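Below, chain A is the first sequence line, B the second, and so on; all start at residue 1. Nothing here was measured: the structure is a model prediction, and the numbers come from that model.
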Protein chains: 2
Amino acid sequence: MTDASRTERPAGRRRPRQSDIARVAGVSQAAVSLILRGTPSGMALAKETRQRVLDAAEELGYVPDPVATRLASARNAMLGLYTFSTTFPTDVAHSYYPILAGVEEEAGAQGQDLILFTGSARAAARADDPAAVRRVRVADGCLFFGRHVPEEPIRRLAEDGFPFVYIGRRDEPGIPYVGADYVSASADVVARLAAAGHRELRYLREHDQAPASDDRQEGVLRGARAAGMDTAGLVARTDGGDLDTLLRRWLDEGVTGVVVEQTDTGAALAGLGAAVDRAGLRCPQDLSLAVLGAATGTRGRAPGGGAAFSGFDVPMREMGRDAVRLLLELIAGAPGGATRRLLPCEPVEGGTVAAPRSAKKNT
Amino acid sequence: MTDASRTERPAGRRRPRQSDIARVAGVSQAAVSLILRGTPSGMALAKETRQRVLDAAEELGYVPDPVATRLASARNAMLGLYTFSTTFPTDVAHSYYPILAGVEEEAGAQGQDLILFTGSARAAARADDPAAVRRVRVADGCLFFGRHVPEEPIRRLAEDGFPFVYIGRRDEPGIPYVGADYVSASADVVARLAAAGHRELRYLREHDQAPASDDRQEGVLRGARAAGMDTAGLVARTDGGDLDTLLRRWLDEGVTGVVVEQTDTGAALAGLGAAVDRAGLRCPQDLSLAVLGAATGTRGRAPGGGAAFSGFDVPMREMGRDAVRLLLELIAGAPGGATRRLLPCEPVEGGTVAAPRSAKKNT
DNA sequence: CTGAAAGCGCTTACAG
DNA sequence: CTGAAAGCGCTTACAG
């Protein structure tokens, strides 16, 4: 490739590189590399020479090429963030925004730039295309997240020893992650409903499978058993038919409280909320409603009222921050603590849980 | 660096590369590249040879190294996004989120990855440090945004012919941008207030200077003049003293409608809203209120009621998308259209503007 | 203490 | 139609 063919740059001036600095400073290109990187050998050079190189670099506005840096097998101080869902959903309310915020914050604090791998190059739907995932290699390491994550392309990265961290718990053994302790938090929500006097509850979860949903369900079951409730028929999925019908049946069965999971799509909560509205019910007067996992700042309002949902918050921002820290430890080759971490969720009092009608007298 | 030191690969087997395929297939490494990339020259090779290479690649499980690929091509398919404000404010409501969303969306659609330059590496406060800005050169081009933008470091980039685009209108000649047409949109808001019967209006703007604020003010003045209103004393700034006092004075002066600008900080609107609340006023019954530039999805609720603000929406998402398109054209060296673009703002009916009390009879 | 050389894994003009 | 060579911009052993 001739130099001319590369110069498609509008104004024509190409980026300065080490050899340019070398020419100006009158040293070899390799010396420039040594000096700029501040290596021991670089520092050992004559002070006067070093200064000349440093000055030239400054004057030319030199910035190292991260791709070349990485190919030559060093670090480039870039962390990747790869999402298997829409990174920026149109509906702000149900986004991963807080996670991004946390990742960005910590990356900045650690002097790392962030590369957003925005799904697949051509089709967002093919974000799990192995070739698409491979792109993350330009970074020193990568963060992954999304409700559903393809295992194959990630396994390859793992085999190759490429450092990465999941945001969200994973089942696959050995894979580093920073997740939320949904089990404990969900059990706690049920315990609070039981303490308020509820004996007949139902749990509505999304119809698809994901670690985050499985954990919530386990927590709900655990909480119900701890409260001495019957767990048969406790769990329902959004695909269990018409939600209006379901809700009516529950009321007929004497249900006084419903627990629903809030995920990235928010489908379960939105569907149930609409059904509650259509039934003309108010929360918590007619029905107590608890939500598992709304994120701070993105929580919606309860149907038939303006109260904040009762439940717990997912520490998304903190998950993002901690994932960056863990990734950096992995890149450095020295994980300081556990490589699989579960962060506690903050209970939220909210205003959609109260004592059931029939139990209003006490508790 | 010895090969051994590179082999941190757990399983030990290093990734196959083109030269491995070449050896197996009995061709040159360059031929492998040609064939695998499916270039014209590659396709022109003997069918039999091509198949041998393809088979070998398949058998070895070859996947191209994206780092090397990018280094060898002129472009690295990375776009920068540099913010001179907090990229991810904690308060989601007043964030640039929709712009980010648009940028991410279009970048993904165009097969570009996004590098988030999170202010300065060490101190967010020094985001306007020239050295910090220089880092953007690692990308093929860069998007800039923020209410206040330092001119010096950018000028330097322009001199060097580095492709970049501002999100938001700029005064500096020649600088490419994608902004919003605040002038027209603001004039239109005043026109609507006038059409509703308002004759005595006030405009409250932020105290600091920025193109976005200047444009709104110009639009307001233009709209007022078009409606035959007196523009003396029309404009007030948030630093014009206590807002409660200001509001009381306005009411004494017979003001029936207030226009306020909504910027990233949201200070003017928040302050005025609070003052209106404290004065016990309801919108639009006691006072009409129009907001210049709330972004879709991040708009707040009017004081003394739950109505959405009347005014206009800033097409943030579309600005983000269009800025990416323009940047890509600049990088390719062939801007298809204007390099300075103003996008129209969508009028928002809202519920905070009504006929003034004294004019309730008609209009 | 300093410099020249090889190499990272690709792409692409260019010569047979 | 095919192959060998140079180059992308760095890092890092290695030889003077």
Side-chain angles (χ1 to χ4, degrees), chain A residues 1-9 14-23 25-50 52-53 57 60 62-78 134-135 137-138 140 160, chain B residues 1-9 14-23 25-50 52-53 57 60 62-77 137-138 140:
Chain A
M1 175 186 279
T2 70
D3 190 71
S5 83
R6 288 191 66 87
T7 310
E8 300 172 56
R9 205 168 291 277
R14 94 181 140 42
R15 300 174 34 153
R17 44 193 187 216
Q18 292 184 345
S19 59
D20 296 321
I21 299 175
R23 200 176 335 104
V27 298
S28 72
Q29 174 266 321
V32 171
S33 172
L34 260 18
I35 292 171
L36 257 27
R37 297 199 54 242
T39 58
S41 351
M43 299 305 283
L45 297 188
K47 190 164 192 295
E48 208 269 344
T49 308
R50 288 188 53 232
R52 236 176 31 239
V53 167
L60 294 174
Y62 173 77
V63 191
D65 181 328
V67 176
T69 303
R70 191 138 166 83
L71 180 59
S73 170
R75 304 272 159 67
N76 62 11
M78 298 207 256
R134 212 159 46 223
R135 289 165 26 234
R137 286 176 168 282
V138 306
D140 291 342
D160 291 350
Chain B
M1 177 184 279
T2 68
D3 190 71
S5 82
R6 290 190 66 86
T7 310
E8 300 174 55
R9 201 169 297 279
R14 99 180 139 43
R15 303 173 32 149
R17 46 196 185 214
Q18 292 184 346
S19 59
D20 295 323
I21 300 176
R23 200 176 336 104
V27 298
S28 73
Q29 174 264 320
V32 172
S33 172
L34 261 18
I35 293 170
L36 256 29
R37 297 198 55 240
T39 58
S41 355
M43 298 305 284
L45 296 188
K47 191 162 193 294
E48 206 271 342
T49 308
R50 290 188 52 233
R52 237 177 29 239
V53 167
L60 293 174
Y62 172 79
V63 290
D65 181 331
V67 180
T69 304
R70 288 188 184 192
L71 180 59
S73 345
R75 308 270 162 66
N76 63 18
R137 303 190 69 156
V138 306
D140 289 338

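With DNA chain C read from its 5' end, the first of the two nearest nucleotides for Gln29(A) and Gln29(B) is the one closest to Gln29(A). Comparing Ala68(B) and Thr49(B) against DNA chain D, the residue whose closest nucleotide sits nearer the 5' end is Thr49(B). Place Val67(B) and Ala31(B) on DNA chain C by their nearest nucleotides, and Val67(B) ends up nearer the 5' end.
To the nearest 0.5 Å, the span separating CG on Leu71(A) from CG on Asn76(A) amounts to 11.0 Å.
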Item to complete: Kindly determine whether Arg137(A) and Arg70(B) satisfy side chain to side chain contact (heavy atoms under 4.5 Å, CB included), including the steps that lead there.
Response: CA-CA 11 Å; Arg137(A) 286 176 168 282; Arg70(B) 288 188 184 192; over 6 Å; no
Item to complete: Begin with the C-alpha distance, continue with both residues' side-chain angles, and end with the deciding distance and a verdict on side chain to side chain contact (heavy atoms under 4.5 Å, CB included) for Ile21(B) and Leu36(B).
Response: CA-CA 10 Å; Ile21(B) 300 176; Leu36(B) 256 29; 4.0 Å; yes
Discussion item. Evaluate Val53(B) against Arg50(B) for side chain to side chain contact (heavy atoms under 4.5 Å, CB included), listing each step before the verdict.
Written reply: CA-CA 5 Å; Val53(B) 167; Arg50(B) 290 188 52 233; 5.8 Å; no
Practice prompt. For the pair Val32(A) and Tyr62(A), evaluate side chain to side chain contact (heavy atoms under 4.5 Å, CB included) and give the outcome as yes or no after the intermediate values.
Written response: CA-CA 11 Å; Val32(A) 171; Tyr62(A) 173 77; over 6 Å; no
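Straight-line distance from the CZ atom of Arg137(B) to the P atom of dC10(D): 12 Å, rounded to whole Å. Per the geometry, CG belonging to Asp20(B) stands 14 Å off C1' belonging to dC8(C), to the nearest Å. If you measure from atom NZ of Lys47(A) to atom C1' of dT2(C), you get 19 Å, rounded to the nearest angstrom. The nearest whole Å value for the distance from the CE atom in Met78(A) to the P atom in dC10(D) is 12 Å. Put simply, CZ on Arg37(B) is 18 Å from P on dG9(C), counting in whole angstrom units. Between Leu71(B) atom CG and dT11(D) atom P there is a gap of 12 Å when expressed in whole angstrom units. Here dC14(C) presents its C1' atom at 12 Å from CG of Leu34(B), a figure rounded to the nearest Å. Atom CD1 of Ile35(A) and atom C1' of dC10(D) are 15 Å apart (whole Å).
Residue Asp65(B) places its side chain closer to dC10(C) than to any other of dG3(D), dT11(C), dC10(C). Among the nucleotides dC10(D), dA4(C), dG3(D), the one closest to the side chain of Ala30(A) is dA4(C).
Among the protein residues, Ser33(A) comes within range of the nucleic acid bases, having at least one heavy atom under 4.0 Å from a base atom. Within 4.0 Å (heavy atoms only), Val32(A) reaches no atom of the nucleic acid at all.
Checking the phosphate oxygens (OP1, OP2) of dC10(C), no side-chain nitrogen or oxygen of Arg17(B) falls inside 4.0 Å. Distances shown here put every side-chain N or O of Arg70(B) at or beyond 4.0 Å from the OP1 or OP2 atom of dC8(D). For dT11(D), one of the phosphate oxygens OP1 or OP2 lies less than 4.0 angstrom from a side-chain nitrogen or oxygen of Gln18(A).
Taking a pair to require two hydrogen-bonding distances under 3.5 Å in either a Watson-Crick or a G-U wobble arrangement, dA13(C) remains unpaired. Across all strands shown, dA4(C) has no partner, as no Watson-Crick or G-U wobble contact with both distances under 3.5 Å is found.
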